[in-house]
Amino acid sequence: MNLHLFNTLSGQMEELVPMDGQTLRMYACGPTVYDYGHIGNFRTFLQVDVLRRFLKLTGMKLRHVMNITDVDDKIIRNAAAAGIAIGEYTPRYVDAFFEDLDALRVERPEAIARATENIDRMVELIQKLAAVGAAYQTDDGSWYFRLSAFPAYGKLSKKDLSGMEDGARVDVDEYEKDSARDFALWKAARPGETAWDTMIGRGRPGWHIECSAMSMAYLGDSFDLHAGGEDLMFPHHENEIAQSETVTHKPLARHWMHVRFLLVDGRKMAKSEGNFYTLRDLLLKGYKASAIRLALISVPYRHQLNFTFDGLIEATNAIDRLRTFYARLTQGTFAAGENPAMQSAAKKAQTEFMAALANDLNTAEARAPIFDLVRAANAAMDQGKLFTGDRDEILPVLKDFDAVFDVIEDRDAEPTRHAIAWAQQAGRTADVAPELLARQSLTDDAIEKLVTERTVAKKQRNFARADQIRNELAEKGVILEDSKDGVRWKRK
RNA sequence: GGCGCGGUACCCAAGUGGUAAGGGAGAGGUCUGCAAAACCUUUAUGCGCCGGUUCGAUCCCGGCCCGCGCCUCCA
């Protein structure tokens, strides 16, 4: 089942296939490491993760490259404010970024490219641009891309720049650019700023040149897919195209994918709006990493996602339903045999799940057949009409679902513990939800012990004591479920 | 101003030219020592409003209203 993905460049749905017939080469813009990642960043990375995982599920080989922008104006500014070198400043945010990706179960790309480790390649590219007259240096030593050298500019974002007069809205007097819309390739060093001494002068790279140089180095002149947040379409990706294609005369990427921004409570997330959340903020409030993951991927990537706390609770409950079902299926005992209705239900779910994702990664649609299957199988189990042969058909469907969604297996304890430890270390203990600390205080062993005690009490028909234990556990966020196969407990 | 997106039940959210997936929440019931879980029933004659095309439109076309995004650093 091949993926049909909307291509921003053509404005159409197109089948995504590797141009070399073997490995899909893709480049996705990564973070600028000047602060902790927020949920908007992660929506994009998560949607790219869904893409990755689905492609792998269809058997495709991938070479996915992500850049890390570890030098830019904000980094230089923040590092200076902290009184440290950028090389000291960025690692903590790089580490935090990967921790957050792990928490959200975002797979690592095949390669990570760091800007500061690829300065030479950027300089080379600027030299090539200069050689064909597409780059020029201004008196202060900065280099600019001459937009007039690339007539196709605007093809991705469908912008017609002809109506934009030089100087109309753009500050032209800052540097002596030939045209106001020419963009920086290389920024000359100002006193005290981080800079590299290179063939084209002392300075630091512009943001756009980074991606052109690195995608070329890691993936070649032309590759299959370029992805990123919708805001990057213009000017970032447009500039990448101009830089790369001016030199190579080949399409930078055949296919472009842009993930729409998420809103928070119906507004664009912004610090000034007071609706700005990092992943860590949410974990410390007591939301599970899996719920955040599911909430951020359940709305298809081309639609705005309105992020709300209600949405997180809903995701939490939906995951709970899946996990309960999975536990019932794997821990229950079934008679040998098959139920034809369940056999076909499993096949149907599998087919519809894959078809939904193949259709422009429609994650919302992909969930439906899985939940249909859950209901049908639960009903069959209630009636004793689910057999080992059925279980063996259903489990692979859940496995495929989790190969993409990755929320059924409960790995939520670690990210939360990690976030709490981080908060304590960072002096943000006040941000940790009190009930979270209370829950952390109860160990699995302690829970098991109480559960056993309750089982004994129940056998003695001492229901008062049994209920007392259950309530006690409930107060600490532990829910008990009695069944004929024993007691299952879970943390809220 | 330019470009673009959306308005589907209490909430979130798919979707199709032939009469509305799924999730969450609520209500009633079955089961249970009681719960929880699970299951069953239930919650849009209706998909922003008004026209048009059509045998038939939520889905196509036009207009309008509302919300949002991008156009500057931004995932």
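So you know, we letter chains A, B, ... as the sequences are listed, proteins then strands, and number each from 1.
Taking a pair to require two hydrogen-bonding distances under 3.5 Å in either a Watson-Crick or a G-U wobble arrangement, B/rC5 pairs with B/rG67. Summarising the base pairing, B/rA38 is matched to B/rU30 through a Watson-Crick or G-U wobble pair whose two defining distances lie under 3.5 Å. Nucleotide B/rC47 has no partner under the Watson-Crick or G-U criteria, as no pair reaches both atom distances under 3.5 Å. In this structure, B/rC60 and B/rG52 make a Watson-Crick or G-U wobble pair, each of the two defining distances being under 3.5 angstrom.
Distance from the side chain of A/T44 is smallest for B/rA75 among the nucleotides B/rG23, B/rG33, B/rA75. The side chain of A/R260 lies closest to B/rG69, out of B/rG69, B/rC74, B/rG33. Minimum atom distance to the side chain of A/E365 is reached by B/rA14, of the listed B/rA75, B/rA38, B/rA14. When distances run from any side-chain atom of A/R461 to the nucleotides B/rG33, B/rA75, B/rC74, the shortest one goes to B/rG33. Nearest to the side-chain atoms of A/L263 among the listed nucleotides B/rA37, B/rG69, B/rC39 stands B/rG69. Comparing B/rA75, B/rA38, B/rA14 by their closest approach to the side chain of A/N362 singles out B/rA14. If you check B/rA14, B/rG33, B/rA38 against the side chain of A/A466, the one that comes closest is B/rG33. Listed nucleotides B/rC71, B/rG69, B/rG23 differ in distance to A/R375; the shortest reach to its side chain belongs to B/rG23. In this structure, of B/rA25, B/rA75, B/rG6, it is B/rG6 that holds the atom nearest to the side chain of A/H303. For A/D372, the listed nucleotide lying nearest its side chain is B/rA21; candidates were B/rC73, B/rA21, B/rA38.
Donor-acceptor pairing under 3.5 Å, judged by distance alone, is present between the side chain of A/D467 and the base of B/rG33. Taking only distance into account, the side chain of A/R470 meets the base of B/rC34 through a donor-acceptor pair shorter than 3.5 Å. Not a single donor-acceptor pair, N or O on each side, falls under 3.5 Å between the base of B/rG69 and the side chain of A/Q304. Applying the 3.5 Å distance criterion, the base of B/rC74 shares a donor-acceptor pair with the side chain of A/K268.
To the nearest angstrom, P of B/rC74 lies 9 Å from OH of A/Y34. In this structure, A/H208 atom NE2 and B/rA75 atom C1' are separated by 15 Å, rounded to whole Å. Spacing between atom CG of A/N359 and atom P of B/rG15 amounts to 7 Å, rounded to whole angstrom units. As rounded to whole Å, 20 Å separates atom P of B/rG22 from atom CD1 of A/I297. Distance, A/L305 CG to B/rA75 C1': 13 Å, rounded to whole Å. Following rounding to the nearest Å, A/R302 (CZ) and B/rC5 (C1') show an atom-to-atom distance of 10 Å.
Taking 4.0 angstrom as the limit, A/N317 places a side-chain polar atom (N or O) nearer than this to OP1 or OP2 of B/rA25.
Residue contacts shown for A/H236 are absent, as no nucleic acid heavy atom lies under 4.0 Å away. Among the heavy atoms of the strands, none lies under 4.0 Å from A/D310. Using a 4.0 Å heavy-atom cutoff across all strands shown, A/P31 reaches no nucleic acid atom at all. Counting any heavy atom pair closer than 4.0 Å across all strands shown, A/E481 reaches a base atom. Residue contacts shown for A/A379 are limited to sugar-phosphate atoms, with no base heavy atom under 4.0 Å away. A/R488 comes within 4.0 angstrom of nothing in the nucleic acid, heavy atoms only. The residue A/F261 sits close to a base: some heavy atom pair falls under 4.0 Å.
Of the two residues contacting RNA chain B, namely A/G266 and A/T324, the nearest-nucleotide position lying further toward the 5' end is that of A/T324.
For the pair A/Y277 and A/F309, the minimum side-chain heavy-atom distance is below 4.5 Å. By the 4.5 Å heavy-atom criterion applied to side chains, A/Y301 and A/T44 are not counted as neighbours.
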Report task. Kindly determine whether A/F145 and A/F183 satisfy ring pair (Phe, Tyr, Trp, His ring centres under 6.0 Å), including the steps that lead there. Result -> CA-CA 5 Å; A/F145 184 87; A/F183 57 88; 5.1 Å; yes

Report task. In sequence, state the C-alpha distance, the side-chain angles, and the governing distance for A/F97 and A/F45, and then conclude on ring pair (Phe, Tyr, Trp, His ring centres under 6.0 Å). Result -> CA-CA 11 Å; A/F97 176 68; A/F45 297 123; 5.2 Å; yes

Requested in this report: Let me see the working for A/Y34 and A/Y93 under ring pair (Phe, Tyr, Trp, His ring centres under 6.0 Å), right down to the final yes or no.
Outcome: CA-CA 7 Å; A/Y34 66 97; A/Y93 294 111; 8.0 Å; no

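Residues passing the ring pair (Phe, Tyr, Trp, His ring centres under 6.0 Å) test with A/H255: none are found, sequence neighbours excluded.
As rounded to the nearest Å, B/rG26 and B/rA37 have P atoms that lie 10 Å from one another.
Taken residue by residue, residues 99-114 of chain A places no heavy atom nearer than 4.0 Å to RNA chain B.
For the salt bridge (charged side-chain N to carboxylate O under 4.0 Å, His left out) test with A/R293, the passing option among A/D412, A/D49, A/D100, A/D402 is A/D49; the others fail.
In summary, A/E475 and A/R439 do not engage in a salt bridge, as defined by a charged side-chain N under 4.0 Å from a carboxylate O.
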